[in-house]
Amino acid sequence: MYDREKAQEVRKEKQRWQETTVRKALERFPERYESFMTISGLPVERVYTPDNVVEMDYMRDLGLPGEFPFTRGPYPTMYRGRLWTMRMFAGFGTAEETNRRFKYLLSEGETGLSIAFDMPTLYGYDTDAPEAEGEFGKCGVAVSSLRDMEILLDGIPLDRVTTSMTINSPAAVIWAMYIVTAEKRGIPRRKLGGTIQNDILKEYIAQKEYIFPPDPSMRLVVDTIEFATQEMPLWHPISISGYHIREAGSTAVQELAFTLADGFTYVEAALDRGLDVDAFAPRLSFFFNVHNDFFEEIAKFRAARRIWARAMRDKYGAKKPRSWLLRFHAQTAGCTLTAQQPENNIVRVAIQALAAVLGGAQSLHTNSMDEALALPSEKAVRIALRTQQIIAHETEVTNTIDPLGGSFYVEELTNRLEEAAEEYFRRIEALGGMIAAIERGYPQQEIAEAAFRYQMEVDAKRRIIVGVNEYVQDEPIEIPLLEMDPQGYERQVARLNEVRRTRDNREVLRTLRAVREAARNGKNLMYPILDAVAAYATLGEIMGVLREEFGEWEEPVWF
Amino acid sequence: MNTSRKIRVLIAKPGLDGHDRGAKVVARALRDAGFEVIYTGIRQTPEAIAEAALQEDVDVVGLSILSGAHMALVPKIMRLLRERGMGDVLVLVGGIIPDEDVPKLRAIGVRGVFGPGTLTSDIVAFIRRELGLEDGLDGDHAEEGEGS
Amino acid sequence: MTRARTPEEIDALITAAQEGDRRALARLITLVENEGPAVEAVLQRLYPLTGNAYVIGITGAPGTGKSTLVNAMTREYRSRGLTVGIIAIDPTSPFSGGALLGDRVRMRDLVGDPGVFIRSMATRGSLGGLARATDDVVLLLDAMGFDRILIETVGVGQAEVDIASSAHTVIVVEAPGMGDDIQAIKAGILEIADIFVVNKADREGAERTVMALQAMLGLAPRTMTHHGRRMRVDMPEEARAWVPPIIKTVATRGEGVPELVDAVERHRAYLLESGEFHRREATRVAHELDHILREALLQRLVRRISPARLEATVQQVVARRVDPYTAAAELMRREEEARGEDRGDGGA
């Protein structure tokens, strides 16, 4: 990016500086560590200069915002045109309680919904299933039938807000419930905008909320991509997620590499189905974690955009620029929140959120300070949302695009992350692709190793976590915690029983048979699932049929 | 290597949540502290955990729960352990546990509750102390951590 | 926790275990695993009750699906009305002395069945120690009336090979896609196999793995059909008549598992009818006695050599003043002399 001769001169000068100025300084004040590294363990030099990035070609590697390879941003005007979507992940207890929280958030200036489901829903069980004992409404809202979804979305303008649903194994069923609810209100499916997470590969890799073995799971994912391509032009049928990979303890490099490798796997599966890459690629979206290492995170987002654009254009032959774009939602890292001195989490979240914005996120969730203790209270959620609003309106960081572009350090880190990700792609390829790698536990082992290494560094105080292994304070924690409706469970089970009693059970049986048939004959499952949902077949019933047909997956243990 | 006194620990994740990072990190750290760790994986029923604790004749049961279902699951596990004559086993719970639930868990016999941000060395030291083993023989980190 | 127990307590544990108290059985296993002085008392009382269980060793490289196979075989045996004890062995970390035992994860559908008992064991210290502890736990489960005992070991080291080979039937598990070679060749466990399993047979490359095994069996049938290296001497002609079958399974779905269990039972019938079973038992017992004797003699010898002398000898060897063989011989000679003097004194 710089004149070679000039860069050579800088290199020489840097050499001299190390041997004279720096050496003298070190004699008097040794540095705090022998070597410095990012949170992911990449080495960090004392200072970065033009010679670090001399091999870069500006137009080839960075380009301009909204143009290939999109390193600087997916859109030509970025936040000067429109701010990111402030999308707060919410959900707990019954549909009524969560519906109230949604309305509260919208009234406070949130611009998109993001639904968290409870554990039984995530595993495709009805609230009253024996496996669901004790789990109702704990990490999200319980949705067992269309009736719950209708209540959950009551009074929400589905034609105007976009909705993100964090749901994976049962994504097709929950999505069908959303679609049917909207259609019953007269809003056609082609007008609905939003995202279902629907990323099953990262479940095997990290979050472990899988149900079926990889093959039928991938088939379901491709069914939904195909359905979206044909019927729902505004919907993202998948959000390819690094968030959970990072939460499971991966490094930034692993998050980047495994997420993009998952993305390539979905692209290949959709191509195998015979879909046109330019028809589905613009519908793919991404979801990344934003952790504590400020510059490394920004570099990660930039590298992700560049790698994806190059692969989509050069490897998969996509023709439309929109197919090359990597757009992502970001969430601040839940795993960096501490139960100790929880107010400190507000500061952590603010810095992480700033990194997401400087990295060019399209939407953002900021965690609440009390989430290491329990579900977030209303006040904690409000502070988290205000954090985004302060960044958006008070800091002026939104005035120009990719303000850190051209920073020697950030460019060098972006390159390093890209190289390290490419190395992972080669290893995964050598194992026979991502699914084969997952079956052999490769990404799982890599992540477990990184998580353990990180914890050992914290234990040994090679890494300081304020309030945890340094600046410890033994004070009772004063944070108001969320109170949940104590009658919620009974209310939910009563509603479920009423649904089962009042629906047309012959129609339920007929539609469930159609689901089973499609599971067997390979036809797109979305259509029979929509029928079953409309007949008020419950989540547990529909998923039960698929469990019988597809079997359940159990992973080997990797440490 | 001392073969006559091995501390055996069962690490289990009851309930549905699959976030096994903490359970696995703790399992490894306990192994590195010289314990024999039986890891039973995610989505374990209370019955399966109690039965595994019995068959493996463990000294310690470590439960990891992040979903918030601890007040439903832990009392049941404690009851099933007692029914099997395992009431004397040292039970620890790790995960996202609101402060107000900690005394409730202690009241039913849980001896240690560890939240996010717990150092693994603290868990090791806690187990050693509770089991009456000499503290700090090996594996314990010194009070002053090294800078680098 | 392990603590010294009185003979009365041990007696009470044995009685309780015999009455079906699984907690007592678990505690007895801990006692024999810890090789404390209680072992002898336990085995003295229980030995007469043993000899009824049939012991099956399952070994193979990591990732071949052994635990899942053990799970599926156990279900099959349970459906045939037989009870099953499982010993799942994983390595002890040489650095910390700790171990991570994760085999139960794959055996979750067996929990809650009173006809199944699963115990995870770490390899712990010495090789001989592991073999003996495993044999002792087998005896315990045998005495408690389990019809079949499955021992699962990772086929990576000599210790694991030894454990497996003390079983009546040894199953060596392979899986396709684990690299180009048959894993067992590297570990040297092919020659102890009575039955080969190619698990994950729905995967690409399964046929290749089967063919590679067939080729190997065809190349050297005489050495392959031996059961365990220690039984190589005086192998009668009939023992060679068993040709290890190769069975394809998909353990996750239970496919091929009834056929595998049939093969195990065929091998059992073969051993019984050919008289080989009795010979193997004799060899096994001889081996066990040999183990115990060695251990006892070693203990006795070590006790009689003073730590100071031992240390002095070590220093001499380190200083290259003497070689270790000569040093050992010298230690033995002194010990024998000392014993002679003891006897002389005692006789006076």
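The chains referred to below are lettered A, B, ... by the order of the sequence lines, with proteins before strands, and numbering in each begins at 1.
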Side chain, backbone, both or neither: which part of C:Arg108 has a heavy atom under 4.5 Å from chain B?
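For C:Arg108, the side chain is the part near chain B, not the backbone.
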
For the interface with chain C, which of [options] has the highest count of heavy-atom pairs at distances below 4.5 Å?
| options | result |
| --- | --- |
| B:Glu51, B:Glu56, B:Gln44, B:Arg31 | B:Glu56 |
| B:Arg8, B:Arg43, B:Arg84 | B:Arg8 |
| B:Val37, B:Asp88, B:Val9 | B:Val37 |

Starting at CZ of B:Arg28, measure out to OG of C:Ser93 and round the result to the nearest 0.5 Å.
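Those atoms lie 10.5 Å apart.
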
Distance, nearest 0.5 Å, that separates CG of B:Leu54 from CZ of C:Arg27:
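Taking CG in B:Leu54 and CZ in C:Arg27, the distance rounds to 9.0 Å.
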
Go through it in stages, so that I can follow the logic: the residues are C:Arg23 and B:Asp57, the test is side-chain contact (heavy atoms from CB on, under 4.5 Å), and I'd like the CA-CA distance, side-chain angles, deciding distance and then a yes or no.
CA-CA 7 Å; C:Arg23 167 83 163 134; B:Asp57 192 26; 3.0 Å; yes

Ion pair check, C:Glu33 and B:Lys6, cut-off under 4.0 Å
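Salt bridge between C:Glu33 and B:Lys6, a charged N being under 4.0 Å from a carboxylate O: no.
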
For a 4.5 angstrom cut-off between non-hydrogen side-chain atoms, does B:Asp32 reach C:Phe95?
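SC-SC contact between B:Asp32 and C:Phe95 ruled out.
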
Non-hydrogen side-chain atoms of B:Glu47 and C:Val111 separated by less than 4.5 Å
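Side chain of B:Glu47 against side chain of C:Val111, heavy atoms only: no contact under 4.5 Å found.
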
Contact summary for C:Ala122 and B:Glu36, nearest pair of heavy atoms:
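Closest heavy-atom pair between C:Ala122 and B:Glu36: CB-OE2, 3.3 Å.
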
Quick one: closest heavy-atom pair of B:Gln55 and C:Val116, and the distance?
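In this case the closest contact between B:Gln55 and C:Val116 is NE2-O, 3.8 Å.
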
Look at atom CZ of C:Arg80 and say whether more than 12 heavy atoms of other residues, nucleotides or ligands are closer to it than 6.0 Å.
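Counting other residues, nucleotides and ligands, CZ of C:Arg80 exceeds 12 neighbours.
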
